[in-house]
Structure formats: structure tokens, C-alpha cells
Amino acid sequence: MEFTQNFLNTDNIKVDGHYVHLFDANNNVLEMFIGEEVRNAVWADDNQLLVTLENGSVRLYQDQINYINI
């Protein structure tokens with residue numbers, strides 16, 4: 001499931017332990033379970049979410065489930 005435009009148009013991202021919460025302009029939330037402790041999450045090019053983990057690894061999420069390690 002791709003990230004919808006309403007979430008891509010905002011930078012309101014909250015990191016909470018193993019979760020990343022994405023908020024749209026209407027305060028709807030998309031909760032992503034990452035499975036490891038998250039340090040930071042930001043939108044990257046091509047509508048992908050760049051997630052940095054506490055262990056130093058970095059994941060690039062193409063959608064809510066699929067990612068590649070970079």
C-alpha cells in the first residue's frame with residue numbers, strides 16, 4: 001500500500017520506540033510498526049520514508065511494509 005498524497009504533503013512525523021506515526025493535515029494518523037527502535041524518520045525523494053534505527057542502520061520504505069536497507 002503506497003503512501004497517500006495527504007500524508008506525503010506534511011512533515012508531521014512522530015517517532016515512538018518501535019513505531020513511526022505519520023500525520024496528515026487533518027490529523028489522521030498512519031501508524032507503522034518498524035520492529036526495531038527508531039531514531040528518526042523523514043520523507044526522502046520519490047515519496048519514500050527514510051527511517052534511521054538506533055542500531056545505526058537505515059531503511060528506505062517504499063510503502064508501509066516494503067523497504068530496502070541502505
In short, ring-ring contact (aromatic ring centres under 6.0 Å, His included) pairs touching residues 39-70 with sequence neighbours left out are Phe3-Trp43, Tyr61-Tyr67

Any link between Val15 and Val51 through a network of hydrophobic side chains (Ile, Leu, Val, Met, Phe, Trp, Tyr) touching at under 4.5 Å? yes

Which atom pair, heavy atoms only, marks the closest approach of Gln64 to Met32? O-CE, 3.6 Å

With sequence neighbours left out, write down each residue that passes salt bridge (Lys or Arg N to Asp or Glu O under 4.0 Å) with Glu36, or none if nothing qualifies. Arg59

May I ask you to list the residues sharing a hydrophobic cluster with Phe33, side-chain cutoff 4.5 Å, ordered by chain and number? Tyr19

Give, for atom CD of Gln5 and atom CG of Asp24, the distance between the pair rounded to the nearest 0.5 Å. 11.5 Å

Could you tell me which non-hydrogen atom of Asp63 sits nearest to which non-hydrogen atom of Asn66, and how far apart they are? OD1-N, 2.6 Å

Shortest non-hydrogen contact from Leu53 toward Val38: CD2-CG2, 4.1 Å

If every non-hydrogen atom of Ile13 is compared with every non-hydrogen atom of Val42, which pair is closest and at what distance? CD1-CA, 4.0 Å

Ignoring hydrogens and angles, state whether a donor on the side chain of Asn12 or Thr10 is under 3.5 Å from an acceptor on the partner side chain. no

Single-linkage hydrophobic cluster, 4.5 Å side-chain cutoff, Leu49 and Ile34 together: yes

I need the single residue from Asp45, Asn69, Leu50, Asp46 that forms a side-chain contact (heavy atoms from CB on, under 4.5 Å) with Leu60. Which is it? Leu50

Separation of His21 NE2 from Glu31 CD (nearest 0.5 Å): 5.0 Å

